Novice: 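The structure that follows is given in the form of structure tokens.
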Amino acid sequence: AGLMAGAMAVALVFSLGFYLLKTSSESISPLVAEMVGKHQMYSRSEASLQVKNSDHHGVDSWLRQRVTFPLRVPVLGRSGERLIGARVSSVGDRQAVYLLYEINGRRISVYVIESFPEDNLSGSSKVMAGTEFFTSNFDGFPVVWWENQELYYAAVSDHNVNDLVEFGLLCVKAMGL
């Protein structure tokens, strides 16, 4: 476990270092870089998950005992979609829930955060079915985030950004938000 944690820390440092060294006219949020770095670490191995369970209610119950904010784990039910597991994490020094999904063999990381300072995020926005989705990209990984009832949800994957927005919309609909 210590070796895995060390490897994760090194990968995160390299991801953040790359972010700091990257010269671009586009303003990339450090939070986006952090989420992409953690996606790269956590989605590679189920060993990084604290609870491995495809039962949404079991994962939801496990998480509710460990986080300080109310949450609902998105229940996706289409063929090829499954929850792999979860862990308690952080984003921008704030407690976050990390959920790992797999859709048709591709992994999607979902972060649930109680508060997300808007001035720390930059990206374009689009409204779909009454929900405003914000999009950004870091190191070839699209990031999509949205807000509902004081909670922020962010999804990261190697899918294209439109697929990730569609996934976000599925989450919103699945939770009846």
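All heavy atoms count here, side chains included; hydrogens, waters and symmetry mates do not. All residue numbers in this chain count up from 1 along the given sequence. In this text, all values refer to a predicted model and were calculated from it rather than measured experimentally.
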Novice: What heavy-atom pair brings V91 and E34 nearest, and what distance separates the two atoms?
Specialist: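 In terms of heavy atoms, the two residues are closest at CA-OE2, 3.5 Å.
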
Novice: Step by step, would you call H57 with V59 a side-chain contact (heavy atoms from CB on, under 4.5 Å)?
Specialist: CA-CA 5 Å; H57 299 293; V59 171; over 6 Å; no

Novice: Do I113 and L151 have side chains that get closer than 4.5 Å, going by heavy atoms?
Specialist: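 Side chain of I113 against side chain of L151, heavy atoms only: no contact under 4.5 Å found.
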
Novice: Mind checking whether D139 and Q40 have side chains closer than 4.5 Å, heavy atoms only?
Specialist: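 Yes, side chains in contact.
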
Novice: Between atom OG of S54 and atom CD of E81, what is the distance when rounded to the nearest 0.5 Å?
Specialist: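 If we round to the nearest 0.5 Å, S54:OG and E81:CD are 13.0 Å apart.
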
Novice: Is there a side-chain contact between V88 and Q50, using heavy atoms and a 4.5 Å cut-off?
Specialist: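 The answer is yes; the side chains approach within 4.5 Å.
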
Novice: For residues V156 and V144, determine if any side-chain heavy atom of one lies less than 4.5 Å from a side-chain heavy atom of the other.
Specialist: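 The answer is no, as the side chains (C-beta and beyond) never meet within the 4.5 Å cut-off.
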
Novice: Would you say I84 and M41 are hydrophobically clustered, going by side-chain heavy atoms of ILVMFWY under 4.5 Å?
Specialist: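 Looking at the clustering, M41 is in the same group as I84.
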
Novice: Please give me the minimum heavy-atom distance between V143 and M35, naming the atom from each residue.
Specialist: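 Looks like CG1-CE, 4.0 Å.
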
Novice: Could you tell me the separation between the CG atom of L31 and the CZ atom of R94, rounded to the nearest 0.5 Å?
Specialist: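 L31 atom CG to R94 atom CZ measures 8.5 Å (nearest 0.5 Å).
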
Novice: Can you name the nearest heavy-atom pair linking N160 to P142, along with the distance?
Specialist: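 Heavy atoms only, the tightest pair is C-CG, 4.1 Å.
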
Novice: Show the numbers, then the answer: is there a side-chain contact (heavy atoms from CB on, under 4.5 Å) between V73 and L71?
Specialist: CA-CA 7 Å; V73 173; L71 81 135; 4.2 Å; yes

Novice: Hey, could you give me the CE/CG distance between M128 and N162, rounded to the nearest 0.5 Å?
Specialist: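 Separation between the atoms: 8.0 Å.
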
Novice: Can you tell me how the ring of F141 sits relative to the ring of H39, calling it parallel under 30°, perpendicular over 60° and tilted otherwise?
Specialist: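 F141 vs H39 ring planes: perpendicular.
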
Novice: The test is side-chain contact (heavy atoms from CB on, under 4.5 Å); show your working for V161 and N137 and say whether it passes.
Specialist: CA-CA 8 Å; V161 70; N137 192 300; over 6 Å; no

Novice: Have Q95 and S90 got a donor and an acceptor in their side chains that come within less than 3.5 Å?
Specialist: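 Per modelled atom types, Q95 and S90 side chains form no pair under 3.5 Å.
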
Novice: Closest heavy-atom contact between Y152 and E114?
Specialist: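 In this case the closest contact between Y152 and E114 is CD1-O, 4.1 Å.
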
Novice: Flag yes if L169 and V112 sit in one hydrophobic cluster, no otherwise; membership is Ile, Leu, Val, Met, Phe, Trp, Tyr, and two members link when side-chain heavy atoms are under 4.5 Å apart.
Specialist: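 Yes, it is one cluster - the side chains of L169 and V112 are joined through contacts under 4.5 Å.
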
Novice: Do L83 and L76 share a hydrophobic cluster, counting only Ile, Leu, Val, Met, Phe, Trp and Tyr and linking them when any side-chain heavy atoms are less than 4.5 Å apart?
Specialist: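 Linked within one cluster.
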
Novice: Check this for me: does any side-chain nitrogen of one of D158 and R106 sit under 4.0 Å from a carboxylate oxygen of the other?
Specialist: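 Here D158 pairs with R106 in a salt bridge, since their nearest N and O are under 4.0 Å apart.
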
Novice: Just so I know, are the side chains of F133 and V172 near enough to count as touching, which here means a heavy-atom distance under 4.5 Å?
Specialist: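 Of all side-chain heavy-atom pairs linking V172 with F133, at least one is under 4.5 Å.
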
Novice: Any donor-acceptor pair under 3.5 Å linking the side-chain atoms of Y98 with those of S109?
Specialist: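 There is such a pair between these side chains.
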
Novice: Look at the side chain of E132 and the backbone N and O of W146, then say whether any donor-acceptor pair between them is shorter than 3.5 Å.
Specialist: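 Looks like no, no N/O pair under 3.5 Å.
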
Novice: Is the closest side-chain heavy-atom distance between W145 and S136 below 4.5 Å?
Specialist: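 In contact.
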
Novice: Specify the closest pair of heavy atoms between R82 and E46, including all atoms of both residues, with the distance to one decimal.
Specialist: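 Heavy atoms of R82 and E46 come nearest at NH2-OE2, 4.2 Å.
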
Novice: Tell me, with the steps shown, if F167 and Y101 meet ring-ring contact (aromatic ring centres under 6.0 Å, His included).
Specialist: CA-CA 10 Å; F167 173 80; Y101 288 88; 5.7 Å; yes

Novice: Would you please test I108 and I103 for side-chain contact (heavy atoms from CB on, under 4.5 Å) and show each step?
Specialist: CA-CA 8 Å; I108 298 177; I103 297 182; 3.9 Å; yes

Novice: Do side-chain atoms of R66 reach the backbone of W62 as a donor and acceptor pair under 3.5 angstrom?
Specialist: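 Yes; judged by distance alone, with no hydrogens or angles, the pair exists.
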
Novice: Look up atom NE2 in H159 and atom CZ in R107, then write down how far apart they are to the nearest 0.5 Å.
Specialist: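 Separation between the atoms: 12.5 Å.
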
Novice: Please check this pair: side chain of S61 against backbone of G58, looking for a donor-acceptor N/O pair closer than 3.5 Å.
Specialist: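 No; zero donor-acceptor contacts below 3.5 Å.
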
Novice: Can a cation-pi geometry be assigned to R87 and Y42, taking NZ or CZ under 6.0 Å from the six-membered ring centre and within 45° of the ring axis?
Specialist: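 That pair qualifies as a cation-pi contact.
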
Novice: Indicate if L170 and L99 have the same hydrophobic cluster label, given that clusters are the connected sets of ILVMFWY residues with side-chain heavy-atom separations under 4.5 angstrom.
Specialist: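 Per the 4.5 Å side-chain linkage, L170 and L99 are co-clustered.
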
Novice: Please give me the minimum heavy-atom distance between K38 and Y111, naming the atom from each residue.
Specialist: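 That closest heavy-atom pairing would be CB-OH, 3.3 Å.
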
